[in-house]
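Have a look at this one before I ask anything.
Each chain gets a letter, A, B and so on, in the order its sequence line appears, and its residues count up from 1. Side chains are part of it too, since the values below use all heavy atoms of this structure and drop only hydrogens, waters and symmetry mates. Since we're looking at a predicted model, the values are computed, not measured.
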Amino acid sequence: MERTHICGELRSTNVGQHVVLMGWVAKKRDFGVFTFIDLRDREGITQVVLSEEDSPEAHSKAKNIRGEFVIAVKGTVVSRSEGTHNKKLATGDIEIKVTELLILNDAKVPPFQLEVAGSENLAAEDTRLKHRYLDLRRPQLQNNIRMRAKAVRAIREYFDKRGFIEIETPILLKSTPEGARDFVVPSRIHTGKYFALPQSPQILKQITMIAGFDKYYQIARCFRDEDLRADRQPEFTQLDMEMSFVNREAVYREMEGMFNHVLRLIDIELPNEWPRMTYAEAMRRYGSDKPDLRFGMELQDLSEGLRDTEFAPFAETLGKGGEIKCIVIRGKADYSRKQLDELQEFVKRYGAGAMAWIKVGEETTSSILKVLGEAKLTELASSAGAQPGDAVLIVAGRRSVVAAALGALRGEIARRENLIDRSLYKCLLVTEFPMFEHDEESDTYMAAHHPFTSPMDEDLDMFKQAVQHPADHYLLGKVRAKAYDAVINGYECAGGSIRIHQKDVQALNFKALGMSPESARTQFGFFLDALEYGTPPHGGFAAGIERTCMILCDTENIRDVMAFPKTASAQDLMMDAPGIVDQSQLDELGITPSHNPEP
RNA sequence: GGAGUCGUAGUUCAGUUGGUUAGAACGCCAGCCUGUCACGUUGGAGGUCGCGGGUUCGAGUCCCGUCGGCUCCGCCA
């Protein structure tokens with residue numbers, strides 16, 4: 001028997017045709033003298049009918065069939081009789097009158113039900129991850145994985161058309177000190193030495209520019225041995241691109257062009273030129289470097305209005321150069337004490353000491369009513385744009401803490417109160433990221449993007465000043481980089497920069513990062529050498545394939561767009577990885593574990 | 001590394017102030033059923049209440065520890 005059609009493609013126009021379908025039994029409905037089977041394959045479901053009268057042999061075989069059996073049916077496409085059409089199925093106008101049935105394979109009773117009404121009734125995720133091959137049969141995941149394939153194809157299409165060359169870079173590289181924790185691979189031939197898996201092909205893609213390829217791209221697997229999140233896995237895929245002889249504008253055009261092309265897969269037309277916002281503005285207005293612009297609720301600054309306050313926590317904050325900011329929640333003056341306490345607990349996770357609130361109404365109430373008085377509170381609330389019926393949530397503290405707390409709170413409230421219009425797709429280029437991040441504990445500066453990012457021309461003198469004069473070191477915190485992110489719906493979908501192509505600036509940067517020339521040479525010697533042989537100005541970006549697919553598939557979980565994801569504790573429950581290896585493998589690699597896992 | 005939350009039948013869940021035989025739905029097994037598509041119907045099987053310890057006359061329920069899933073903080077150039 002040879003398959004002639006796919007389940008899900010047959011329509012009334014096919015009535016009368018003799019067909020062979022193959023697939024999995026999604027559902028069986030047994031009526032004694034006849035049996036209905038919903039036959040499922042990757043394209044959909046077709047109802048097949050086995051009747052004792054018409055085909056006794058096939059009908060009796062069907063008695064032994066259960067869910068997820070793999071079967072083949074031969075039969076005729078017939079129109080369903082009046083009143084038995086099923087509008088829920090694309091194939092609901094027809095059914096297959098079966099003449100011959102073949103059981104291609106039986107199946108154990110699945111450990112969970114594939115077909116359940118409503119996603120909230122799905123089996124626990126660990127059960128589904130253990131039997132990922134069954135979970136993947138669900139139409140939802142089938143669609144996501146296929147959308148991902150389409151997205152990757154669209155990306156290749158885009159860059160091929162634009163003259164970019166796809167270049168594969170090695171998976172076995174050398175460990176470099178900065179950035180995420182490396183996954184490490186022992187070398188057998190060089191016992192005691194190790195490869196590292198790429199966190200991203202950063203240096204190699206820059207070298208393709210030095211090598212003269214001009215325009216490079218790659219769908220690159222990346223590995224970072226860090227803790228997981230709903231949108232983060234230890235291995236993930238990036239679209240990685242780089243181009244020579246360009247400025248930021250040229251890279252922006254490619255980012256916009258690529259995402260605009262990909263979003264057309266779901267019939268979304270983003271603007272040709274994306275709105276832009278500097279990092280500083282994003283942090284000030286939204287408390288985030290990846291603001292979700294599908295809703296408002298911007299942060300409002302109350303610092304000026306409280307400049308002369310005697311309320312100790314506020315006065316102290318302002319005295320230390322901190323900020324007092326708030327968000328206004330429309331129509332939520334009816335928040336209960338319990339709800340407000342919960343929100344306070346929420347902001348404390350981000351380092352906020354407390355959360356003050358004002359409920360604006362005929363009678364304004366507030367957690368700080370006694371200390372500030374109603375008149376002052378009314379004035380503050382109105383300066384923040386609050387109207388009667390609104391709630392004002394206030395956080396005071398260090399600038400970074402206020403931004404993190406209120407930025408997160410803004411998102412949390414939008415989710416809780418359903419303020420996000422899910423039909424909207426809001427894109428944004430965030431520009432002028434800081435060059436360095438200050439580490440309080442060690443009082444050192446670390447690369448905010450990566451150590452090859454170019455400072456902005458306007459800040460170059462300040463950069464030199466800061467590196468060359470220890471007393472001005474703090475100025476590093478003010479240096480802006482030619483670094484940028486592409487943000488869609490609050491997700492950082494891509495990030496990139498114009499790179500340093502002059503060896504003296506690169507040397508300064510290593511110095512700024514506290515790296516001696518010797519250690520820079522040990523770590524990046526090959527790259528510094530390469531920079532000296534005629535490096536063109538260049539820049540590019542990398543886009544997270546999974547995050548982009550999450551937007552395409554309208555899901556908030558990265559596992560929904562990966563065929564074989566790992567759990568939050570970085571395990572593969574299906575193959576039970578990581579696992580132990582044979583002692584002889586360890587011997588060969590010269591590895592003696594300092595401790596062994598529990599059996 | 002830290003916090004929150006969940007863990008009871010194959011699955012999703014209920015299980016009262018600690019009380020005697022731990023329930024429901026779906027699934028599964030067996031039968032009946034000529035138009036279902038969440039088929040119906042009759043009957044049946046199915047439990048290490050995650051694991052370990054403690055309190056108690058008595059623990060699914062309370063306490064401590066531990067393991068696992070998920071989410072978040074730290075981390076993720």
Inset, instruction - Using a cut-off of strictly less than 4.0 Å between a heavy atom of the residue and any atom of RNA chain B, enumerate the qualifying residues of residues 220-230 of chain A by number. - result: A:R224, A:E226, A:D227, A:R229, A:A230
Inset, instruction - Taking the six-membered ring of A:F295 (Phe, Tyr or Trp), confirm whether the NZ or CZ of A:R410 is under 6.0 Å from its centre and within 45° of its axis. - result: yes
Legend entry - Which nucleotide in B:C26, B:G69, B:A38 has an atom nearest any side-chain atom of A:K88: B:A38
Legend entry - Short side-chain N/O contact from A:K27 to OP1 or OP2 of B:C39, under 4.0 Å: yes
Inset, instruction - Tell whether A:E345 reaches the base of B:G4 with its side chain through a donor-acceptor pair below 3.5 angstrom. - result: no
Legend entry - Who pairs with B:A22 - Watson-Crick or G-U, where each distance is under 3.5 Å: none
Legend entry - Residue A:A568, side-chain heavy atoms: nucleotide from B:C72, B:G27, B:C70 that is nearest: B:C70
Inset, instruction - Output yes when at least one side-chain N/O atom of A:S81 is less than 4.0 Å from OP1 or OP2 of B:G35, else no. - result: no
Legend entry - Spacing between A:F346 atom CZ and B:U5 atom P, to the nearest angstrom: 16 Å
Inset, instruction - Can you sort out the partners of A:Y350 under ring-ring contact (aromatic ring centres under 6.0 Å, His included), two or more places apart, ordered by chain and number? - result: A:F346
Legend entry - Test item: A:R80 side-chain N/O and A:I94 main-chain N/O as donor-acceptor pair under 3.5 Å: yes
Legend entry - No-hydrogen, no-angle side-chain donor-acceptor test under 3.5 Å, A:Q218 and A:T169: yes
Inset, instruction - Once you apply the 3.5 Å cut-off to both distances, tell me the Watson-Crick or G-U wobble partner of B:G46, or none. - result: none
Inset, instruction - Counting heavy atoms from C-beta on, name the nucleotide in B:C39, B:U34, B:C72 closest to the side chain of A:Y350. - result: B:C72
Inset, instruction - Report the base-pairing partner of B:U5 (Watson-Crick or G-U wobble, both distances below 3.5 angstrom), or none. - result: B:G69
Legend entry - Sidechain-backbone polar pair: A:S51 side chain, A:E53 backbone, donor-acceptor under 3.5 Å: yes
Legend entry - Short side-chain to backbone donor-acceptor contact, A:T127 and A:A123, under 3.5 Å: no
Legend entry - Whole-Å distance separating the NZ atom of A:K87 from the P atom of B:U36: 13 Å
Legend entry - Shortest side-chain distance from A:F34, nucleotide among B:C37, B:G69, B:U34: B:U34
Inset, instruction - Scan every strand shown for a Watson-Crick or G-U wobble partner of B:C33, both distances under 3.5 Å, and answer none if you come up empty. - result: none
Measure all distances between protein nitrogen or oxygen atoms and nitrogen or oxygen atoms of nucleotides 28-32 of chain B, and list the pairs falling under 3.5 Å.
unit_1, atom_1, unit_2, atom_2, d
B:C29, OP1, A:R66, NH1, 3.2

Legend entry - Candidates B:G69, B:U36, B:C73 - which lies nearest the side chain of A:Q571: B:G69
Inset, instruction - Using heavy atoms to find the nearest nucleotide of RNA chain B for A:L573 and A:D231 separately, return the residue whose nucleotide is more 5′. - result: A:L573
Inset, instruction - Under 4.0 Å between any heavy atoms, over every strand shown, what does A:T84 touch: base, sugar-phosphate, or nothing? Just pick one. - result: base
Legend entry - A:N557 side-chain N/O to B:U71 phosphate OP1/OP2 under 4.0 Å: yes
Inset, instruction - Could you pull out the closest heavy-atom pair between A:N509 and A:F452, with the gap in Å? - result: ND2-N, 4.3 Å
Inset, instruction - Counting heavy atoms from C-beta on, name the nucleotide in B:U34, B:G69, B:C37 closest to the side chain of A:E53. - result: B:U34
Inset, instruction - Find the distance A:K566:NZ to B:G68:C1' and express it as a whole number of Å. - result: 18 Å
Inset, instruction - Among B:G68, B:C70, B:U36, find the nucleotide with the atom closest to the side chain of A:D126. - result: B:G68
Inset, instruction - Check every strand shown and say whether A:A448 touches a base, only sugar-phosphate, or nothing at a heavy-atom separation below 4.0 Å. - result: sugar-phosphate
Legend entry - Stacking check A:F112 vs B:U11 (5.5 Å / 30 deg): no
Inset, instruction - Could you tell me whether A:F452 contacts a base, only the sugar-phosphate backbone, or nothing, with contacts defined as non-hydrogen atoms closer than 4.0 Å? - result: nothing
Legend entry - Nucleotide B:U34, atom C1' - distance to NE2 of A:H59 in whole Å: 10 Å
Inset, instruction - Select base, sugar-phosphate, or nothing to describe what A:S569 touches, counting heavy atoms under 4.0 Å on all strands. - result: sugar-phosphate
Legend entry - Side-chain (A:K28) to main-chain (A:I65) donor-acceptor, under 3.5 angstrom: yes
Legend entry - Closest listed nucleotide, where the reference is the side chain of A:R29 and the choices are B:C70, B:U11, B:U36: B:U36
Inset, instruction - In sequence, state the C-alpha distance, the side-chain angles, and the governing distance for A:D341 and A:K338, and then conclude on salt bridge (charged side-chain N to carboxylate O under 4.0 Å, His left out). - result: CA-CA 5 Å; A:D341 282 348; A:K338 189 181 163 203; over 6 Å; no
Inset, instruction - Could you tell me whether a side-chain N or O of A:N144 sits under 3.5 Å from a main-chain N or O of A:D560, the two making a donor and an acceptor? - result: yes
Inset, instruction - To the nearest Å, give me how far apart CZ (A:F31) and C1' (B:A38) are. - result: 12 Å
Inset, instruction - Identify whether any heavy atom of A:R128 sits under 4.0 Å from a base atom; if not, whether one sits that close to sugar-phosphate; answer base, sugar-phosphate or nothing. - result: nothing
Legend entry - Shortest non-hydrogen contact between A:D227 and A:R232, atoms and distance: O-NH2, 2.6 Å
Inset, instruction - Once you apply the 3.5 Å cut-off to both distances, tell me the Watson-Crick or G-U wobble partner of B:C39, or none. - result: none
Legend entry - N/O donor-acceptor pair under 3.5 Å between A:R181 side chain and A:D225 backbone: yes
Inset, instruction - Please tell me which of A:Q47 and A:K28 maps to the more 5' nucleotide of RNA chain B, matching each residue to the nucleotide holding its nearest heavy atom. - result: A:Q47
Inset, instruction - Using a heavy-atom cut-off of under 4.0 Å over every strand shown, decide if A:P451 touches base, sugar-phosphate, or nothing. - result: base
Inset, instruction - Kindly point out which of B:C75, B:G10, B:U71 is positioned nearest to the side chain of A:Q113? - result: B:G10
Inset, instruction - Name the nucleic acid region contacted by A:E95, choosing base, sugar-phosphate or nothing; use a 4.0 angstrom heavy-atom cut-off, strictly under. - result: base
